[in-house]
Amino acid sequence: MGRRLLFLGPPGAGKGTQATRLARAIGVPHISTGEMLRQNVADGTDLGKKAQAIMEAGDLVPDEIVVAMVDDRLARDDAACGFLLDGFPRTLAQAEALDAVMGDGAIEVALLLTADEDELVGRLLQRARDEGRADDNEETIRNRLKVYQDETAPLVEFYPEHGVPVLSVDGLGTIDEVFARVVTSLAEN
Ligand code: ADP
């Protein structure tokens, strides 16, 4: 189908789950910067060593590091026929860097997954218990939500101003229910 999509939304909204499913359904690579960074930490690469403490505090890894990582990934053959970005861009500078490298019209549609703050905190605390993710303790969670509001939420206005529709999808409900909304919303756009 060759679609070029991205997911926006706060931590805990379910981007990773829905992005994995959608990428599989439409046959494009799922490019998650969070996963790529966690893999670098697990592998003990130089990049991972730089990123680890930042991620554990719930702060953002510097734009130049993440942008270089995504540029490399998008240059691979499998991304030539479409891709689904998850967790990137996360700042206006990253969005501008993506435009600069891919040209205008690089992104067709952004999906914004929404959920209220109580729901997000509850889900992230649950994930902390289930998966033991180092960036999922209560203090870090609060910081990550603040970082989202300050740094990433402005993208919800940036994209429409740059001709990219932002489709808002309610992230509350079962995984199947939310996925059905994602598919419907994309089919209508
Ligand atoms: P979530 O979806 O729960 O917010 P991610 O798995 O997307 O978490 O990201 C985990 C962490 O990785 C972030 O809190 C941040 O430190 C780092 N990270 C991921 N993507 C980016 C990005 N585009 N820019 C800067 N830091 C990032």
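First listed ligand is number 1; within each ligand, the first listed atom is number 1. Basis for what follows: all heavy atoms, side chains included, without hydrogens, waters or symmetry-related copies.
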Checklist entry - Using 4.0 Å as the upper bound for N to carboxylate O, is an ion pair formed by E108 and R3? => result yes
Checklist outcome for this item: Contact region, L60 to ligand 1, non-hydrogen atoms below 4.0 Å, reads both
Item to check | Winner among Q52, R38, M36, R90 once heavy atoms are compared against atom 6 (O) of ligand 1 | outcome: R38
Item to check | From the candidates T91, T33, D86, V70, the one that places a heavy atom nearest atom 20 (N) of ligand 1 | outcome: T33
Checklist entry - atom 17 (C) of ligand 1: which of L113, L124, L37, I54 has the nearest heavy atom? => result L37
Checklist entry - Short N/O distance, under 3.5 Å, between P11 and ligand 1? => result no
Checklist entry - Are any non-hydrogen side-chain atoms of I54 and P62 less than 4.5 angstrom apart? => result yes
Checklist entry - Under the salt bridge (Lys or Arg N to Asp or Glu O under 4.0 Å) test, which residues partner E138, sequence neighbours left out? => result R142
Item to check | Cluster check L172, L8: I/L/V/M/F/W/Y, side chain < 4.5 angstrom | outcome: no
Next on the checklist: Closer than 4.0 Å to some heavy atom of R127 - which atoms of ligand 1 meet that?
Outcome noted: 3 (O)
Next on the checklist: Does ligand 1 come near enough to D59 that some N or O of the ligand is less than 3.5 Å from an N or O of the residue?
Outcome noted: yes
Checklist entry - By number and element, which atoms of ligand 1 are closer than 4.0 Å to a non-hydrogen atom of R144? => result 1 (P), 3 (O), 4 (O), 8 (O), 14 (O)
Item to check | By side chain to side chain contact (heavy atoms under 4.5 Å, CB included) - contacts of V121 (at least two apart) | outcome: E117, L125, I141, L145
Item to check | Common cluster, L60/F7, ILVMFWY with side-chain heavy-atom separation under 4.5 Å | outcome: no
Checklist entry - Counting from 1, what ligand 1 atoms have a heavy atom of R133 closer than 4.0 Å? => result 3 (O), 6 (O), 8 (O), 10 (C)
Checklist entry - Tell me, which protein residue and heavy-atom name are nearest atom 24 (N) of ligand 1, and how many Å apart are they? => result Q94 NE2, 2.8 Å
Checklist entry - Counting both backbone and side chain atoms, is some N or O of G87 under 3.5 Å from an N or O of ligand 1? => result yes
Next on the checklist: Contact between F88 and L6 at the side-chain level, heavy atoms closer than 4.5 Å - yes or no?
Outcome noted: no
Checklist entry - When you look at D150 and K146, which way does the salt bridge (charged side-chain N to carboxylate O under 4.0 Å, His left out) test go after all the steps? => result CA-CA 6 Å; D150 293 349; K146 182 178 184 313; 2.5 Å; yes
Checklist entry - In the protein, what heavy atom is nearest to atom 11 (C) of ligand 1, and what distance, to one decimal place, separates them? => result M55 CE, 3.9 Å
Item to check | R21/D176 ion pair, N-O < 4.0 Å | outcome: yes
Item to check | Heavy atom of the protein closest to atom 2 (O) of ligand 1 (residue, atom name, distance) | outcome: K15 NZ, 3.5 Å
Checklist entry - Does ligand 1 have an atom that lies less than 4.0 angstrom from a heavy atom of R123? => result no
Checklist entry - Where is the nearest protein heavy atom to atom 25 (C) of ligand 1: which residue, which atom, and how far? => result V61 O, 3.2 Å
Checklist entry - Taking C-beta and beyond as the side chain, do L5 and I26 meet within less than 4.5 Å on heavy atoms? => result yes
